[in-house]
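Okay, so here's the structure we're looking at.
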Amino acid sequence: MEFRPTKIPVPEYSEVDKQRFLQEIYGVRKPAVLKNLDLGACMTRWTVDYISRKGGGREVKIHVSELPQMDFIQKNFIYRSLPFDVFVHRAAENKHKEFFISEDEKYYLRSLGEDPRKDIADISKQFPELAEDIQIPEFFVKDQFFSSVFRISSSGLQLWTHYDV
């Protein structure tokens, strides 16, 4: 079965503040792209070298796929572990000298808690040295902010459609 992407229009909003977010976007409960948000120093500091250096050599569990469309139903990926700094450099490459499946393979990291079944994803706990660069817009009161999932992927990677609480 050949993959055929479908383009669905998603509204884009620029320079959104808390009031506009809550009045115009949040209540609709549909996908939206928020542009020109101040997300902190990560916007200018984060390069491949910076992220890999700050994140260090801790082992991370990643998805690896031969195809740029990862499919959770078909399970067209494998799980592997790599040191974080090695993963970041591989994810930035188009062709790999070292690989698990093929030189064109794609990588995806979704940072999870120590116990993925119990712990929420929280970048300030899993990657505190990178979290200090991020300023998350305060659109919700603190106790309503559930998680901060840290994701990194190879360029051009597409994930299965899903919904995170």
Side-chain angles (χ1 to χ4, degrees), residues 1-14 16 21 25-26 28-37 39-40 42-43 46-48 50-52 54-55 58-96 98-127 130-131 133-137 139-140 144-165:
M1 183 166 103
E2 182 184 338
F3 175 79
R4 293 189 183 157
T6 302
K7 296 243 182 209
I8 299 171
V10 177
E12 295 182 3
Y13 300 87
S14 290
V16 176
F21 177 78
I25 303 166
Y26 181 65
V28 176
R29 302 278 189 168
K30 290 189 176 179
V33 175
L34 307 181
K35 293 186 168 190
N36 302 318
L37 291 177
L39 299 176
C42 63
M43 301 290 288
W46 283 18
T47 62
V48 170
Y50 180 86
I51 292 172
S52 63
K54 290 284 273 190
R58 77 186 73 171
E59 288 285 313
V60 291
K61 190 172 186 177
I62 59 171
H63 299 68
V64 181
S65 177
E66 224 172 340
L67 301 173
Q69 297 86 21
M70 280 193 187
D71 186 331
F72 191 71
I73 294 170
Q74 300 294 322
K75 298 272 195 236
N76 66 344
F77 57 88
I78 58 174
Y79 292 106
R80 291 294 181 261
S81 293
L82 280 175
F84 179 77
D85 53 349
V86 172
F87 157 73
V88 170
H89 281 280
R90 281 204 197 174
E93 298 171 341
N94 290 320
K95 295 271 187 203
H96 309 291
E98 295 182 44
F99 49 85
F100 297 107
I101 305 169
S102 76
E103 66 180 4
D104 298 318
E105 66 193 18
K106 301 292 185 185
Y107 302 97
Y108 170 63
L109 165 72
R110 179 186 185 274
S111 177
L112 301 169
E114 291 296 317
D115 182 342
R117 300 197 188 279
K118 294 180 184 175
D119 299 337
I120 63 168
D122 184 347
I123 190 172
S124 67
K125 290 181 181 163
Q126 283 95 43
F127 290 91
L130 290 168
D133 292 341
I134 301 172
Q135 175 184 317
I136 296 175
F139 292 161
F140 302 101
Q144 287 181 319
F145 190 75
F146 179 72
S147 70
S148 52
V149 180
F150 182 49
R151 301 172 193 255
I152 298 178
S153 73
S154 297
S155 176
L157 182 75
Q158 297 172 357
L159 295 178
W160 53 91
T161 301
H162 66 284
Y163 174 76
D164 290 331
V165 175

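Computation of the quantities below employed the complete heavy-atom set of this structure, encompassing side-chain atoms and omitting hydrogens, waters and symmetry-equivalent molecules. Treat the numbers as computed from the prediction; the structure is a model and nothing was measured.
Going from atom CD of E103 over to atom CD of E66 covers 10.5 Å, rounded to the nearest 0.5 Å. With values rounded to the nearest 0.5 angstrom, E105 atom CD is found 8.0 Å from I62 atom CD1. Expressed to the nearest 0.5 Å, how far CD1 of I152 lies from CZ of R110 amounts to 14.0 Å. For the atom pair Q158 CD and D71 CG, the distance stands at 11.0 Å (nearest 0.5 Å). Note that the CD1 atom of I101 and the OG atom of S65 stand 6.5 Å from one another [nearest 0.5 Å]. Taking OG of S154 as the reference point, atom CD of E93 lies at 9.0 Å (rounded to 0.5 Å).
Every residue meeting the ring-ring contact (aromatic ring centres under 6.0 Å, His included) condition with F127, not counting sequence neighbours, appears here in chain and number order: F84, F150. Taking H63 as the reference, nothing meets the side chain to side chain donor-acceptor pair (under 3.5 Å) condition, with sequence neighbours excluded. In this structure, the side chain to side chain donor-acceptor pair (under 3.5 Å) partners of Y50, at least two apart in sequence or on a different chain, are D133. Residues forming a ring-ring contact (aromatic ring centres under 6.0 Å, His included) with F140 (at least two apart in sequence, or on another chain): F21, Y26. Partners of V33 by side chain to side chain contact (heavy atoms under 4.5 Å, CB included), not counting sequence neighbours, listed by chain and number: V10, E12, K35.
Minimum heavy-atom separation, S124 to A131: CA-CB, 3.6 Å. A pairwise comparison of heavy atoms in F139 and L34 identifies CE1-CD1, 4.1 Å as the closest pair. Between S111 and A121, the shortest heavy-atom contact is O-CB, 3.5 Å.
Within the structure, the side chain to side chain donor-acceptor pair (under 3.5 Å) test picks out the following pairs touching residues 75-90 (sequence neighbours left out): S52-H89, R90-Y107.
The environment of CG in N94 is sparse: at most 12 heavy-atom neighbours from other residues, nucleotides or ligands sit within 6.0 Å.
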